[in-house]
There are 2 protein chains.
Amino acid sequence: MPSRTPSTPTPSSPEQMNPSVWTRPRGGREQPALSRDQIVAEALRLLDSEGIDALSMRKLGNRLGAGATSLYRHVANKDELIELAVDEIYGEIEVPDTADPARWREDAARCAHSLRATMLRHPWIASVLGQMGLSYLGPNYMRISEAMLSVFTTAGFPPEEADQAMATVIAYVTGMATSEAAWLTVLARSGQNEEEWIERLYPAAEQAAQAYPHLREGLAGQRGKNPRTAREEGFQYGLDRVLDGLATRVN
Amino acid sequence: MPSRTPSTPTPSSPEQMNPSVWTRPRGGREQPALSRDQIVAEALRLLDSEGIDALSMRKLGNRLGAGATSLYRHVANKDELIELAVDEIYGEIEVPDTADPARWREDAARCAHSLRATMLRHPWIASVLGQMGLSYLGPNYMRISEAMLSVFTTAGFPPEEADQAMATVIAYVTGMATSEAAWLTVLARSGQNEEEWIERLYPAAEQAAQAYPHLREGLAGQRGKNPRTAREEGFQYGLDRVLDGLATRVN
DNA sequence: CCCAGAACGCGCACGCCGTACGCACGTTCC
DNA sequence: GGAACGTGCGTACGGCGTGCGCGTTCTGGG
């Protein structure tokens, strides 16, 4: 027989029974203590510090001093909670509040960099994008789309093409940032820093690239570079090309 | 009494000696029956038909006529299994086997379309990219990278820039396809087709876009279009812009 | 001021999950 | 003949999301 506390109710709840009314720590409910905003905020803290796999309703409940199922009074289910968290994150993305036709390129670039930076600050969203998509219809997503659309339309893109241009930039940035975020996640799990990891894996990579001359050359060319700035330069290069391509349609 | 074939071998019990080899119910161990390739293949079938959430070691074991834990003889853990499945999928991506400088744009475009088509055929990889990244080092991934690098270097990009150009195209395609795949996944779960879903959500979207003129216009402009071809045109537009932007560096 | 009903927190239970461990068995090599 | 090995599987552990029903607290209308 396993030494477990008896699962049969034992009617007058066992250990949390205070010996007397007089020592009971304050009658009544402490606080409301649970609200949707508070839940989302704590979920964000958990996600940012431990990643998406660490987010469970039980753990989140504990952190809030509540049981897991209490959360369901304020949130329909875990997916909805994550969707709320994602839109909350979108709130950090900076977009221009007025569109200047002469500055469309800088404005778009600024949006792109802000989007990337936000994703890298919260790498767990990369895992979410592939499951829920971009969570359209969230208030912050709509705010951002409107601003970016406005940048492209005032730049001279006809409405339908402005849509496509925005989608192009967003796809490039999310694609790049997703791969960076996944990399950072793997890294964080391993407890090593970027340089250590690369150095450790270099022999394996070199061997795997044996038969592929271009890969070998690329590998050798990156050796010893600061990986962080290399990532930033790579992002900037692609962004410049995307904007170059868009510029041909409007200049 | 459930009519199941006896799962317990009971090999040497005396009276059940079968008279002939041909009628004997396959005494002892059936076959090797389990190999890494077979496991990966069945995992792919499961993933393609029911999505990433439906992949569990137990279910996969059942499908192979084996217990869940038997799989661990051939695969270190679930993540490794998925990584193998991903690289298997990469095998479907078509890349040119010889690079012709005059045709670099068409070659790159063909790779891009093939990558997108592959991701849309197996939408579950979108969920995986954000967690593992692109599964570098897998044999098929290396084959593809080599081919694409070769396209860009023979087109005239210096080695380091060819790397960045390839990363740009891949980021754009995966970004676009991830969002499409997520959309298709949500759709599949709902059991509706694209048009139905859009029509059903239209009022909500219209209301949410109330305060945003550009969003409203975009919404109205897309109404009634065939969503599938609209997605394809959007992808082609962005791809053209990306390649335009790259072309400025080499022509 | 009271009380009915709504809102809320929570314990419990169910049916899943990934996987560590050790046993039983067929095969193969000495 | 028997030891060593590869393989499948039963069992078990700790965790998960969440439906349900209970008791408590809060609120607003009479």
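Below, read A as the first sequence line, B as the second, and so on, with proteins coming before strands; counting in each chain starts at 1.
Between the P atom of dG18(C) and the CD1 atom of Ile39(B) lies a distance of 14 Å, rounded to the nearest Å. A straight line from CG of Asn62(A) to C1' of dG15(D) spans 13 Å, rounded to a whole angstrom. As rounded to whole Å, 15 Å separates atom C1' of dG17(D) from atom CD of Gln131(A). Remark: C1' of dT7(D) and CZ of Arg36(B) are 15 Å apart, rounded to the nearest angstrom. Counting to the nearest Å, the P atom of dG6(D) and the CG atom of Leu71(B) are 19 Å from each other. Protein atom CG of Leu81(B) is 14 Å distant from nucleotide atom P of dC17(C), rounded to whole Å. Atom pair Lys78(B):NZ and dC16(D):P shows a separation of 15 Å (rounding to whole Å applied). Whole-Å rounding puts the Met57(A) CE to dC17(C) C1' distance at 17 Å.
Put simply, His74(B) has a side-chain N or O that comes within less than 4.0 Å of OP1 or OP2 on dG8(D). Between Ser70(A) and dC10(C) there is a side-chain polar atom (N or O) within less than 4.0 angstrom of OP1 or OP2.
When each of Lys59(B) and Thr69(B) is assigned the nucleotide of DNA chain C with its nearest heavy atom, Lys59(B) is the one assigned upstream, toward the 5' end. Along DNA chain D, the nucleotide closest to Asn77(A) and the one closest to Gly67(B) are compared, and the more 5′ of them pairs with Gly67(B).
Between Tyr90(A) and Tyr141(A), the angle of the ring planes lies from 30° to 60°, which puts this pair in the tilted group.
Between the CD1 atom in Ile52(A) and the CD atom in Gln131(A) there is a gap of 8.0 Å [rounded to 0.5 Å]. From Glu83(B), atom CD reaches atom CG of Asn77(B) across 9.0 Å, with rounding to the nearest 0.5 Å.
A donor-acceptor contact under 3.5 Å links the side chain of Arg58(A) to the base of dG17(D).
Leu55(A) comes within contact range of the sugar-phosphate backbone alone, with a heavy-atom separation under 4.0 Å but no base atom that close.
With dC8(C), dC16(D), dC23(C) as the choices, the nucleotide that has an atom nearest any side-chain atom of Ser56(A) turns out to be dC16(D). Comparing dC8(C), dA13(C), dC17(C) against the side chain of Arg73(A) picks out dC8(C) as the nearest. Considering only the side chain of Tyr72(A), dT18(D) comes nearest among dA12(D), dT18(D), dC8(C).
Salt-bridge annotation for Glu199(B) and Arg223(B): present, with a side-chain N of the basic residue lying under 4.0 Å from a carboxylate O of the acidic one.
Just one of Arg143(B), Arg121(B), Arg116(B) meets the salt bridge (Lys or Arg N to Asp or Glu O under 4.0 Å) condition when paired with Glu92(B); it is Arg121(B).
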